[in-house]
Amino acid sequence: MPTSQTPYADLNPVFIPGPTNVPDRLRRAMDRQTLDHRAPDFKDVFLPVLADTRHVFGTREGEVILFPATGTAGWEAAITNTLSPGDKVLIARYGMFSHRWIDMCERHGLEVIVLERPWGEGAPADLFAEVLGTDAGHEIKAVLVTHNETATGVVSDIAAVRRAMDSVAHPAMLFVDCVSSLGSMPFHMDEWGVDIAISGSQKGFMLNTGMAVLAVSPKALAAMETAKLPRTFLDFRDMMTANAAGGFPYTPPLQLIFGLRESLDMLFAEGLENVYARHQRLAEGVRRAVDAWGLSLVALSPELESNTVSSIYVPEGFDSNLLVTHAYEAYGVSFGVGLGELNGRAFRIGHLGALTDVVVLSGLATIEMAMADLNYPIELGSGVAAAQQYYRATQGGSLREAA
Ligand SMILES: *Cc1c(COP(=O)(O)O)cnc(C)c1O
């Protein structure tokens with residue numbers, strides 16, 4: 001019987017870059033009886049969650065807003081609350097997620113200036129500066145950036161985008177999709193001058209899908225007063241008015257709010273810096289494995305390599321969809337398919353959220369078996385061994401101290 005059909009298949013972690021594995025502690029935290037959101041004690045749970053989530057975004061002044069929705073609705077909330085039909089926005093297309101955000105902006109009647117970039121590159125700060133520098137009338141109202149392109153495994157330098165905008169003294173707002181980076185890679189909203197940061201519950205927060213998690217700067221809140229794009233469910237104003245009174249403008253996703261409380265406690269107990277270091281180290285092990293297999297990442301240079309997802313080209317003549325399907329059918333383990341123009345050409349290993357060395361090694365071992373089954377020109381065990389070497393050498397812990 002293929003592993004995917006045994007009663008134990010759900011012991012296997014997923015290696016898709018979201019939704020991510022939900023640790024038992026978070027599942028238990030979300031397994032809650034209904035609490036009346038109009039009861040006086042709801043705000044005692046809810047308001048500290050809003051306040052504490054700000055630390056993860058790296059903001060003191062930003063308002064945290066939670067919608068019962070997903071990251072995609074977060075994009076929509078960002079644009080509809082701050083922009084008007086016909087407003088110009090600037091965005092580069094370098095993967096599936098930037099592509100979808102562009103599509104959304106166009107469908108909302110924004111005038112979208114798109115910089116086409118090769119998939120595998122990051123946000124082109126210098127080109128942004130060039131375009132903004134020619135916009136003397138300041139018609140461009142916002143620059144939109146996908147921090148971590150989950151399709152290509154590329155992380156962009158948001159500080160460089162901010163410097164580029166400042167270098168030409170352009171007043172546009174900066175909106176950043178950090179859905180697959182927040183809580184896993186450093187994010188500094190205030191320091192980087194981000195006006196709206198958009199995330200979701202099901203990636204770095206390790207929770208079920210169903211909540212868009214945003215942080216909004218005072219500048220973006222001011223833009224809200226004149227923005228004319230229609231919004232009702234996603235209107236920041238209704239949300240903030242209700243939040244100020246300790247409530248929600250409609251039924252809150254109560255279990256996810258309890259989950260977020262617990263997730264924050266876990267992230268803070270580990271320490272955000274340690275969380276980022278863990279992701280860096282686990283990702284590096286994956287990259288060593290990719291090297292040992294003789295395969296290459298979609299990310300075009302080392303500083304672009306994401307610590308939450310690796311997108312990996314399959315050798316010429318192989319179909320990455322077959323690989324992902326086979327890994328699932330034979331071994332009951334999910335990996336990410338290649339999205340958009342990478343479909344069939346690359347597969348993805350998600351390595352974010354609740355993971356240890358052991359879990360990552362099991363994923364590498366599994367995809368190695370699947371590749372060997374399909375006659376990929378790799379040596380069975382080579383990637384696992386490379387990751388093992390790296391993890392052993394960088395294991396900072398107890399054994400060495402005991403010695
Ligand atoms: C997952 C993801 C999203 C949002 O997807 P939803 O399914 O709407 O939550 C947006 N951007 C990036 C970069 C993502 O990885």
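Excluded from the calculations below are hydrogen atoms, water molecules and symmetry mates; all remaining heavy atoms, backbone and side chain alike, are included. Read the numbers this way: they start at 1 and go in the same order the structure lists the ligands and their atoms. Predicted model, so just to flag it, every value in this text is computed and none were measured.
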Among pairs that include at least one residue of residues 350-384, which meet ring pair (Phe, Tyr, Trp, His ring centres under 6.0 Å), considering only residues two or more places apart or in two chains?
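Every pair satisfying ring pair (Phe, Tyr, Trp, His ring centres under 6.0 Å) with a residue in residues 350-384: F318-Y376.
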Pairs where residues 88-133 contributes a residue and the test ring pair (Phe, Tyr, Trp, His ring centres under 6.0 Å) is met, not counting sequence neighbours
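Applying ring pair (Phe, Tyr, Trp, His ring centres under 6.0 Å) to every pair that reaches into residues 88-133, excluding sequence neighbours, yields W75-W101.
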Can you confirm whether or not the ring centre of F248 sits under 6.0 Å from the ring centre of F42?
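No: the rings miss the under 6.0 Å criterion.
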Residues in salt bridge (charged side-chain N to carboxylate O under 4.0 Å, His left out) contact with R100, at least two apart in sequence or another chain
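Listed in chain order: nothing, the list is empty.
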Proximal protein residues to ligand 1, non-hydrogen atoms under 4.0 angstrom
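Protein residues near ligand 1 are T70, G71, T72, W75, F97, T146, N148, T150, D177, V179, S180, Q202, K203.
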If you round to the nearest 0.5 Å, how far is NZ of K228 from OG1 of T82?
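Between atom OG1 of T82 and atom NZ of K228 there are 12.5 Å.
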Distance-only polar pair, side chains of R281 and T394, donor-acceptor under 3.5 Å
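The criterion, which ignores hydrogens and geometry beyond distance, is satisfied for T394 and R281.
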